[in-house]
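For reference, the structure discussed in these notes is given below.
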2 protein chains.
Amino acid sequence: MADTELDERKVKILNAIIKNYLETGEPVGSRTISKYTDLNLSSATIRNEMSDLEDLGYIVQPHTSAGRIPSDKGYRFYVNNLIAEKDKEVSDMQEWMIEKTEKMESLLKNVAKTLANNTQYATLVSAPSVVSNKLKFVQLSAVDEHQVLSVVVMDGNIVKNKIINVEKPLDNETMLKLNMLLNTNLNGLTVDQINLALITKLKEQAGIHDEIIAQVLDTVAETITEGDDLQVYTSGATNIFKYPELADSKKASELLDTFEEKQSLMELLSDSTSEGDNTGIQVYIGDESPISTMKDCSIVTATYELGDGVKGTIGIVGPKRMDYENVVDNIKSLKGQLDKLLKQEADRNK
Amino acid sequence: MADTELDERKVKILNAIIKNYLETGEPVGSRTISKYTDLNLSSATIRNEMSDLEDLGYIVQPHTSAGRIPSDKGYRFYVNNLIAEKDKEVSDMQEWMIEKTEKMESLLKNVAKTLANNTQYATLVSAPSVVSNKLKFVQLSAVDEHQVLSVVVMDGNIVKNKIINVEKPLDNETMLKLNMLLNTNLNGLTVDQINLALITKLKEQAGIHDEIIAQVLDTVAETITEGDDLQVYTSGATNIFKYPELADSKKASELLDTFEEKQSLMELLSDSTSEGDNTGIQVYIGDESPISTMKDCSIVTATYELGDGVKGTIGIVGPKRMDYENVVDNIKSLKGQLDKLLKQEADRNK
DNA sequence: TGTTAGCACTCACTCAATTGGAGTGCTAAT
DNA sequence: ATTAGCACTCCAATTGAGTGAGTGCTAACA
């Protein structure tokens, strides 16, 4: 693992520097390291090594005659080592969720919340993208003379509804027929597969009541397609005030803005779904982040799956000196639970 | 309107002080006022008057030999005058909402957003409280063998749904009977009226299938009752960084926490629904606020109605030196539009 | 040749003293 | 009743000395 440019001692020192900095948030000096570590070396020797490490770009000095802090490259090295090594104990998390499957929305809100509580960082969770998700159930019902309620249930019990205004009341028979039509034709299909052609075909089959039904069908299609892009739940955004390096007015304001404007967060999450590595866990450090306002942060994301195809994402945003071990642990465990939960949900529906 | 303790000149000076402070956010001195206003008085005279105003409690000095800033009492005086006088022009707002009635949720989110944009303060909007709201439509449908979807529509097209897990599949006939039972008994009732007694009665009527149906009924009741307390939409929380007196780390963190933890916001809003005055607009200044973390802020709330009984609330939170005129204008206009919109909605459903 | 001790140097940070300016309160004159 | 003038107060910004943590370099050492 160790690059050729780093001998074992340098690695040890680098690790010591980073570990220490993660704890304190202060630049760490040569004397500290010389006492802190088991390799008995004087501060002077450490200084020489640190000088080398700085030349190699793993650590930087905020100013002359200050201690060193890890550079992005340094963090990256640390994280790579960490994730490769560590893969054993999975922290036990609360089991509350198992019972609360009924509503995807509240489940995800809870996930975001507990994760934020556990880690003390800001978290975000995106709802499973509906695009490659299967339709399970469609139903239209007349609420009153001029309004029809359409309810759509997707795999994973994601429920969507929409009220459709109609000119003339639909009689019971038509209603029944429509429901039949929709369910037999749409059930089990993914949103991808429900395209214009299919809709047109349905319209034709609907036959006589063409006008009204066309309108209804359009709206149903809309219901299924729309709005699933904004589903991001965040929590613990204010945790960033706990880290002085992020808490100054300007940075905090920008960051919180980004969190409030969930749109841009989507980019972050969708970005990470594409280039997932084997573990499904992604770490962005500083400038590596796709969002510029987060260039002073680190971001850890994981994607969880539901049935086939990649779906939703969990993310944690914190200072660069975040406790990567703990975070990766937490997020990994959570991802596992979500995967299991949703899979079992899917199985049950078979 | 002018209290006996304030002669006309004092009122003018007080107004000048407050207006100036609203703009600058800096303590305002006697010389500024002497030049700023049309009443030609020397700074010395102003000083005397200011001294009086301070004794009367309308303004305070942050420290000796600084200018004066309005006290809560001063703001209160200003606001009272303002709201009484001003009632003419209602600023024209975007008309986008008219078309978007279908989904209460997105409507309210939009309201919060535009309001935040227009005023540059933090806003919160609570969904119409369902408590005194009428049930319009209930429906159970079998999604698959073990899951039943219950959909409840309330007045104002608030849709709630919940998935109920059942042991044994329910056959079509039972389903139909259940739906009938629910709709005939519950339609038109308010949540208040759906109490334990009624539920028990329903269970009895359900008869044979007692066990399963009891479970379903319980869940439906739960669906109706639950969760409507958390429906608060916020926007523009980060606007507080625009006002230095709120932007320091500690205060900002507390405030944003309060905004994230929507629960406590509910108190604020529900509080204001109770003691609405004639216009339905409430202004809390500083310590008057029911939430302690907001004691450095002012809060303007308005309640909008839907049919009979008080329902939802719109609120704005900003610094004490907020632009009350503009805010009250905005909020009043918005309240009017919401009232109208929801009323017309209600009418159409008659 | 790698390691260490020692020393001079740098730089941020703290604290106190200094200064300038904005603003007040009071008094005496109009 | 109003105003001009002056002494006074207090904040805010500036300066400068002192401190300490940390570095880089050199020379000695094993």
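First the proteins, then the strands, lettered A, B, ... as listed; each starts at 1.
Separating the CG atom of Asn20(A) from the C1' atom of dG22(D) is a distance of 14 Å, rounded to the nearest angstrom. Protein atom CD1 of Ile69(B) is 14 Å distant from nucleotide atom P of dG23(C), rounded to whole Å. Across the protein-nucleic acid pair, Glu49(A) atom CD and dG2(C) atom P stand 11 Å apart, rounded to whole Å. In this structure, Ile33(B) atom CD1 and dT24(C) atom C1' are separated by 15 Å, rounded to whole Å. The distance from atom CD1 of Ile13(B) to atom C1' of dT2(D) is 13 Å, rounded to the nearest whole Å. Here the C1' atom of nucleotide dT24(C) and the CG atom of Leu53(B) are 15 Å apart, to the nearest Å. Computed from coordinates, the His63(B) NE2 to dT9(D) P distance equals 14 Å when rounded to whole Å. For the pair Arg31(B) CZ and dG25(C) C1', the interatomic distance rounds to 17 Å; values are reported in whole Å.
A donor-acceptor contact under 3.5 Å is not formed by the side chain of Arg68(A) with the base of dG24(D). You'll find a donor-acceptor pair under 3.5 Å spanning the side chain of Ser65(A) and the base of dT10(C), going by distance alone.
For the 3.5 Å distance criterion, the side chains of Ser30(A) and Arg47(A) qualify, holding a donor opposite an acceptor. The closest side-chain donor-acceptor pair between Tyr324(B) and Ser298(B) falls under 3.5 angstrom.
The side chain of Ser42(B) sits closest to dT3(D) out of dT4(C), dG24(D), dT3(D). Taking every side-chain heavy atom of Gln61(A) into account, dT23(D) is the closest of dG25(C), dC11(C), dT23(D). Side-chain atoms of Arg47(A) lie closest to dG24(D) of the nucleotides dG5(D), dG24(D), dA12(C). Distances from the side chain of Glu54(B) to the nucleotides dG6(C), dG25(C), dC11(C) place dG25(C) closest.
Comparing Asn48(B) and Ser30(A) against DNA chain D, the residue whose closest nucleotide sits nearer the 5' end is Asn48(B). Toward the 5' end of DNA chain D, the nearer of the two residues Ala44(A) and Pro27(A), judged by each one's closest nucleotide, is Pro27(A).
A salt bridge between Arg321(B) and Glu23(B) is absent, with no side-chain N of the basic residue lying under 4.0 Å from a carboxylate O of the acidic one.
The aromatic rings of Phe77(A) and Tyr58(A) sit perpendicular to each other, their planes meeting at more than 60°, with 30° as the lower class boundary.
Looking at heavy atoms from C-beta onward, Ile240(B) lies out of side-chain contact with Phe259(B) at the 4.5 angstrom threshold.
Contact annotation for Thr45(B): base contact, defined as any heavy-atom pair under 4.0 Å involving a base atom.
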